[in-house]
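On a predicted model such as this, the values are computed, not experimentally measured, just so you know.
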Amino acid sequence: MYRSKIAGIGHYVPNNVYTNNDLSKFMETSDEWIQERTGIKERRFADRYEETTTTMGIEAAKVAMERAGVTTADIDFIIFATLSPDYYFPGCGVLLQREMGMKEIGALDIRNQCSGFVYALSVADQFIKTGMYQNILVVGSEKHSFAMDFETRSRNVSVIFGDGAGAAVLQRANKDGQGILSTHLHSDGADAEILAMHYPGAHANKWLKDKPAFPDQELGGLFITNEQLESGAALPYMDGPAVFKKAVVKFPEVINEALNANNYTAKDIDLLVPHQANLRISQYVQQLLGLSDDKVFNNIQKYGNTTAASVPIALSEAWEAGKVKEGDLICLAAFGSGFTWASALIKW
């Protein structure tokens, strides 16, 4: 069995900056209200018609590949994590493969929302370990802005999210003790509906108590209806306090799981890169683990929650700032819809 390493990391964020004050033009909110609850000051929104989840992923991939010293001809597998794909199907992986002119390599799409990138990293790690692939491109990209409802009724959700992409190239580690030490993946679907986009979907209201009307017909008509659109049922839904309560338990739990599996403690961490869900969650976890400010990297203030893209964007920014150096012990952790949560411990 081999060990894999992140040979190159990169990110891309759109040019369009929307501050909290900008959002107050569309809904009843304020800079103080948003910062107090989330820590967010601004976020980036993709160009409405020119940028997509795939195109942003491509830009991040170009940076990661250049830093890894590889070309499109070297990539032999793609893993693309997103909850906001260009199409309901097919996934973004094949679109990236097409647009980057890659060979007819495999493309796998990961649908694990906020923990999507860490899940994707774990999958890539297994492929490298077995020797099946040599250079795997892992992408996390999101375009939330096209689906958000910028009205007061949805402010608890729409003020949180932003657009962007991050990418990494995984290769076989060539130094002893270097690379991904372990990954840890978990899920609990008991409360799946409290952070979800219920429609469109194929559940026909089986899992929901509040049931918007469906057409009275023998076949079809269950995927998306005018009633769902008009009532707002087709908008993203989140019970923020319930998610917060779960996250502050599972975040430190999965971080400690990774540390314990490799005989480390929190004191050994050089940098924790958490999923940028809420600055209050990150600060709580930091305090619980006894980590100083320089041991935790947060950028949610600038970008909001970019779900599957948040970990690679943060890791890329941290690397560019010199906060990730060879030999450092880096911990990645994420928690999100599903619920799913995950961690990865890396010797850089």
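- Residue Leu315 holds its CG atom at 6.0 Å from CG of Leu332, rounded to the nearest 0.5 Å.
- Of the N and O atoms on the side chains of Asp294 and Ser292, at least one donor lies less than 3.5 Å from an acceptor on the other residue.
- A donor-acceptor pair is defined here as one N or O able to donate and one able to accept, closer than 3.5 Å; no such pair exists between the side chain of Asp149 and the backbone of Ser158.
- For the residue pair Ile79 and Ala120, the shortest heavy atom distance occurs at CG2-CB, 3.5 Å.
- Taking hydrophobic clusters as Ile, Leu, Val, Met, Phe, Trp and Tyr residues chained together by side-chain heavy-atom distances below 4.5 Å, Leu272 shares a cluster with Ile300.
- To the nearest 0.5 angstrom, Glu257 atom CD is 6.0 Å from Ser343 atom OG.
- One side chain, Glu142 or Thr82, offers a donor N or O that lies under 3.5 Å from an acceptor on the other.
- Counting heavy atoms of neighbouring residues, nucleotides and ligands inside a 6.0 Å radius, atom CD of Gln287 does not exceed 12 of them.
- No side-chain heavy atom of Asn16 sits under 4.5 Å from any side-chain heavy atom of Arg44.
- When atom types are taken as modelled, the side chain of Arg155 and the backbone of Glu28 share a donor-acceptor pair closer than 3.5 angstrom.
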Would Glu36 and Ile34 count as a side-chain contact (heavy atoms from CB on, under 4.5 Å) here? Give the steps. CA-CA 5 Å; Glu36 180 183 348; Ile34 296 171; over 6 Å; no
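- By the neighbour-count criterion of 12 heavy atoms within 6.0 Å, atom NZ of Lys302 is densely surrounded, having more than that number from other residues, nucleotides or ligands.
- Here the side chains of Thr53 and Pro85 are not in contact, with every heavy-atom distance at 4.5 Å or above.
- Crowding of Phe146 atom CZ: a count of heavy atoms from other residues, nucleotides or ligands under 6.0 Å exceeding 12.
- Note on Phe117: it clusters hydrophobically with Phe77, by side-chain heavy-atom contacts below 4.5 Å among ILVMFWY residues.
- For CH2 of Trp33, the number of neighbouring non-hydrogen atoms (other residues, nucleotides, ligands) closer than 6.0 Å is greater than 12.
- Below 30°, between 30° and 60°, or above 60°: for Trp341 and His186 the angle between ring planes is below 30°, a parallel geometry.
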Trace of the side-chain contact (heavy atoms from CB on, under 4.5 Å) decision for Tyr303 with Gln276: CA-CA 9 Å; Tyr303 303 130; Gln276 306 295 300; over 6 Å; no
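- Met132 and Leu121 fall within the same hydrophobic cluster, defined by Ile, Leu, Val, Met, Phe, Trp and Tyr side-chain heavy atoms under 4.5 Å apart, directly or through other members.
- Summarising the geometry, atom CD1 belonging to Ile194 is positioned 3.5 Å from atom CZ belonging to Phe339; distances are rounded to the nearest 0.5 Å.
- Counted by atom type alone, Ser84 and His144 present zero donor-acceptor pairs between their side chains at under 3.5 Å.
- The shortest non-hydrogen separation linking Thr183 to Gln126 is OG1-NE2, 4.0 Å.
- In this structure, Ile105 belongs to a hydrophobic cluster whose other members, linked by side-chain heavy atoms under 4.5 Å apart, are Ile58, Met65, Val70, Ile75, Ile78, Phe80, Leu96, Met100, Met102, Leu137, Val139, Val169.
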Any chance you could lay out the salt bridge (Lys or Arg N to Asp or Glu O under 4.0 Å) test for Asp188 and Lys250, step after step, and finish with the verdict? CA-CA 11 Å; Asp188 179 3; Lys250 295 305 178 183; over 6 Å; no
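- Proximity of a side-chain donor or acceptor of Ser231 to a complementary backbone N or O of Glu227 within less than 3.5 Å is detected.
- Between Ala334 and Cys114 the shortest heavy-atom distance is CB-O, 3.6 Å.
- The only option from Leu181, Ile180, Asp176 that meets the side chain to side chain contact (heavy atoms under 4.5 Å, CB included) definition with Lys347 turns out to be Leu181.
- A donor-acceptor pair under 3.5 Å links the side-chain atoms of Asp47 to the main chain of Glu50, judged by distance alone.
- Between the side chains of Ser4 and Asp125, at least one donor N or O lies within less than 3.5 Å of an accepting N or O.
- By the 6.0 Å contact criterion, CD on Glu66 is open, its count of non-hydrogen atoms from other residues, nucleotides or ligands being 12 or less.
- Side-chain atoms of Asp76 come within 3.5 Å of backbone atoms of Gln134 as a donor-acceptor pair (strictly under, hydrogens ignored).
- Transitive grouping of hydrophobic side chains (ILVMFWY, heavy atoms separated by less than 4.5 Å) keeps Leu185 and Phe335 in distinct clusters.
- When the shell of 6.0 Å around CD of Gln217 is examined, it contains more than 12 heavy atoms from other residues, nucleotides or ligands.
- Under the ring-ring contact (aromatic ring centres under 6.0 Å, His included) rule, Phe223 has a single partner from Phe214, Tyr88, Tyr199, which is Tyr88.
- Trp348 and Leu271 fall within the same hydrophobic cluster, defined by Ile, Leu, Val, Met, Phe, Trp and Tyr side-chain heavy atoms under 4.5 Å apart, directly or through other members.
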His198/Glu193 under side-chain contact (heavy atoms from CB on, under 4.5 Å): CA gap, chis, key distance, verdict: CA-CA 8 Å; His198 303 133; Glu193 285 74 24; 3.9 Å; yes
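- Within the structure, the side-chain hydrogen bond (donor to acceptor under 3.5 Å, both in side chains) test picks out no pair touching residues 90-114 (sequence neighbours left out).
- Residues Asn21 and Ser24 have side chains that never bring a donor and an acceptor to within less than 3.5 angstrom of each other.
- Applying side chain to side chain contact (heavy atoms under 4.5 Å, CB included) to Asn305 and the options Thr38, Ile160, Val157 leaves one that passes, Ile160.
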Apply the test side-chain contact (heavy atoms from CB on, under 4.5 Å) to residues Asp22 and Glu42: give CA-CA distance (whole Å), side-chain angles for both, the deciding distance (0.1 Å), then the verdict. CA-CA 9 Å; Asp22 289 330; Glu42 60 187 38; over 6 Å; no
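- A donor atom on one side chain and an acceptor atom on the other are not found under 3.5 Å apart for Asn20 and Glu32.
- Between the CE atom of Met148 and the NZ atom of Lys143 there is a distance of 12.5 Å, given to the nearest 0.5 Å.
- Once rounded to the nearest 0.5 Å, the distance linking CG of Leu170 with CZ of Phe127 reads 12.0 Å.
- Counting non-hydrogen atoms of other residues, nucleotides and ligands closer than 6.0 Å to NZ of Lys246 gives a total above 12.
- With hydrogens and angles ignored, the 3.5 Å screen pairs a side-chain donor or acceptor of Asp163 with a backbone N or O of Ser145.
- Considering Val285, Asn298, Ile255 in turn, Asn298 is the only one that fulfils the side chain to side chain contact (heavy atoms under 4.5 Å, CB included) rule with Pro274.
- Looking at Asn278, its side chain does come within 3.5 Å of a backbone N or O of Arg280 through a donor-acceptor pair.
- Sorted by first and then second residue, the ring pair (Phe, Tyr, Trp, His ring centres under 6.0 Å) pairs with a member in residues 39-70 read Tyr18-Phe45, Phe45-Phe150; sequence neighbours excluded.
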With side-chain hydrogen bond (donor to acceptor under 3.5 Å, both in side chains) as the test, would you mind laying out the steps for Gln286 and Asp293 before giving the verdict? CA-CA 8 Å; Gln286 175 183 344; Asp293 289 346; 2.7 Å; yes
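- Note that CD1 of Ile346 and CG of Leu329 are 9.0 Å apart. Values are rounded to the nearest 0.5 Å.
- Inspection of the Asn262 and Ser182 side chains reveals an N or O donor paired with an N or O acceptor under 3.5 Å.
- With salt bridges taken as basic N to acidic carboxylate O contacts below 4.0 Å, one links Arg67 and Glu320.
- In this structure, Ile281 and Phe244 have side chains that are in contact, with non-hydrogen atoms separated by less than 4.5 Å.
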